[in-house]
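Read the structure below first, then the notes.
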Amino acid sequence: MDDPNLRMLCAYADAWNDHDIDRIMSFMTPDCIFQAGGGTESYGSRHQGSSSVRERFLEVWAFFPDARWSDARHFTNGDRGISEWLFTGTGPDGTMVEIHGCDVFTFRDGMIAIKDTFLKART
């Protein structure tokens with residue numbers, strides 16, 4: 001694997017499954033943007049800057065303490081990348097959640113500048 005962005009996405013995914021917020025944030029630029037899959041805007045909800053993004057990421061584990069992203073597949077092309085995954089977790093009421101989704105990344109200076117999440121809606 002000669003592509004540094006591809007190696008980064010693999011390590012980034014491992015950090016998510018390890019619930020290691022410091023390692024996750026070490027891959028992201030100080031002015032990073034995270035666009036969540038849900039929210040009131042057409043892009044979901046936007047969190048900008050490492051403090052805001054960090055806080056939002058921590059909320060995921062607070063709500064889903066057993067959160068896992070499995071079956072990951074990563075692709076990169078220049079300053080863009082995609083990670084596909086299957087999210088599983090147990091909500092506070094004991095309901096098991098299973099959702100396919102992907103993240104679309106924009107890289108800058110060897111780091112993640114933008115993480116834009118897309119999720120399959122379940123009915």
Side-chain angles (χ1 to χ4, degrees):
M1 186 182 322
D2 290 341
D3 181 347
N5 289 332
L6 190 57
R7 282 194 308 275
M8 178 174 46
L9 289 184
C10 291
Y12 184 75
D14 289 342
W16 272 97
N17 282 321
D18 291 342
H19 295 202
D20 187 338
I21 192 65
D22 292 330
R23 198 161 34 128
I24 288 168
M25 296 310 298
S26 75
F27 294 106
M28 305 194 76
T29 62
D31 63 342
C32 60
I33 295 171
F34 167 55
Q35 295 186 150
T40 59
E41 302 297 327
S42 63
Y43 50 76
S45 62
R46 182 174 294 139
H47 308 271
Q48 189 161 2
S50 58
S51 301
S52 178
V53 170
R54 178 187 190 95
E55 183 178 314
R56 179 61 186 115
F57 288 171
L58 287 170
E59 290 173 1
V60 173
W61 296 313
F63 199 82
F64 296 104
D66 62 344
R68 299 282 307 156
W69 292 262
S70 58
D71 302 330
R73 295 188 309 167
H74 310 289
F75 309 89
T76 61
N77 185 12
D79 69 348
R80 301 296 299 238
I82 296 175
S83 292
E84 298 175 321
W85 36 259
L86 172 65
F87 171 81
T88 55
T90 308
D93 65 356
T95 302
M96 178 69 168
V97 175
E98 181 180 67
I99 302 169
H100 282 274
C102 70
D103 292 314
V104 178
F105 297 95
T106 302
F107 307 118
R108 182 175 9 103
D109 300 326
M111 299 181 82
I112 297 168
I114 301 172
K115 171 183 161 70
D116 196 357
T117 297
F118 296 85
L119 306 169
K120 294 288 186 180
R122 300 213 45 181
T123 57

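The residues of the chain are indexed from 1 along the displayed sequence. The structure displayed is predicted, hence computed values, not measured ones.
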Taking ring-ring contact (aromatic ring centres under 6.0 Å, His included) as the test, write out the residues that go with Phe105, two or more places apart. Tyr12
Sequence neighbours excluded, the answer for ring-ring contact (aromatic ring centres under 6.0 Å, His included) partners of His100 is none
Which heavy-atom pair separates Ala11 from Phe27 by the least distance, and what is that distance? CB-CZ, 3.6 Å
Main-chain N/O of Gly78 paired with Asn5 side-chain donor or acceptor, under 3.5 Å: yes
By salt bridge (Lys or Arg N to Asp or Glu O under 4.0 Å), Asp22 pairs with (sequence neighbours left out) Arg54
Any non-hydrogen side-chain atom of Trp61 less than 4.5 Å from a side-chain atom of Ile21? yes
Identify, with sequence neighbours excluded, every residue that meets side chain to side chain donor-acceptor pair (under 3.5 Å) alongside Ser52. none
So, using side chain to side chain donor-acceptor pair (under 3.5 Å) as the criterion, who are the partners of Asp14 when residues are at least two apart? none
Can you confirm whether Thr117 sits close enough to Trp85 that some side-chain heavy atom of one is under 4.5 Å from a side-chain heavy atom of the other? yes
Rounded at 0.5 Å granularity, tell me how far CD1 in Ile24 sits from OG in Ser50. 13.5 Å
With sequence neighbours left out, what residues match Asn77 under side chain to side chain donor-acceptor pair (under 3.5 Å)? none
Taking only residues two or more places apart in sequence or in another chain, which ones pass salt bridge (Lys or Arg N to Asp or Glu O under 4.0 Å) with Arg108? Asp31
With sequence neighbours excluded, what pairs up with Arg73 under the salt bridge (Lys or Arg N to Asp or Glu O under 4.0 Å) test? Glu84
Flag side-chain contact, heavy atom, 4.5 Å: Met111 against Cys32: no
Which distance, rounded to the nearest 0.5 Å, do you find between the CG of Leu119 and the CD1 of Ile99? 5.5 Å
State which residues pass side chain to side chain donor-acceptor pair (under 3.5 Å) with Asp18; sequence neighbours excluded, sorted by chain then number. Arg23
Holding to ring-ring contact (aromatic ring centres under 6.0 Å, His included), I want the full list of residues that pass it with Tyr43, two or more places apart in sequence or in another chain. none
What I'd like to find out is whether the side chain of Thr106 reaches to under 4.5 Å of the side chain of Arg80, using heavy atoms alone. yes
For His47, ring-ring contact (aromatic ring centres under 6.0 Å, His included) partners two or more places apart: Phe34
Any sub-3.5 Å donor-acceptor pair from Asp103's side-chain atoms to Lys115's backbone N or O? no
Is a side-chain N or O of Asn17 found less than 3.5 angstrom from the main chain of Trp69, in a donor-acceptor match? yes
Salt bridge (Lys or Arg N to Asp or Glu O under 4.0 Å) partners of Arg56, counting only residues at least two apart: Glu59
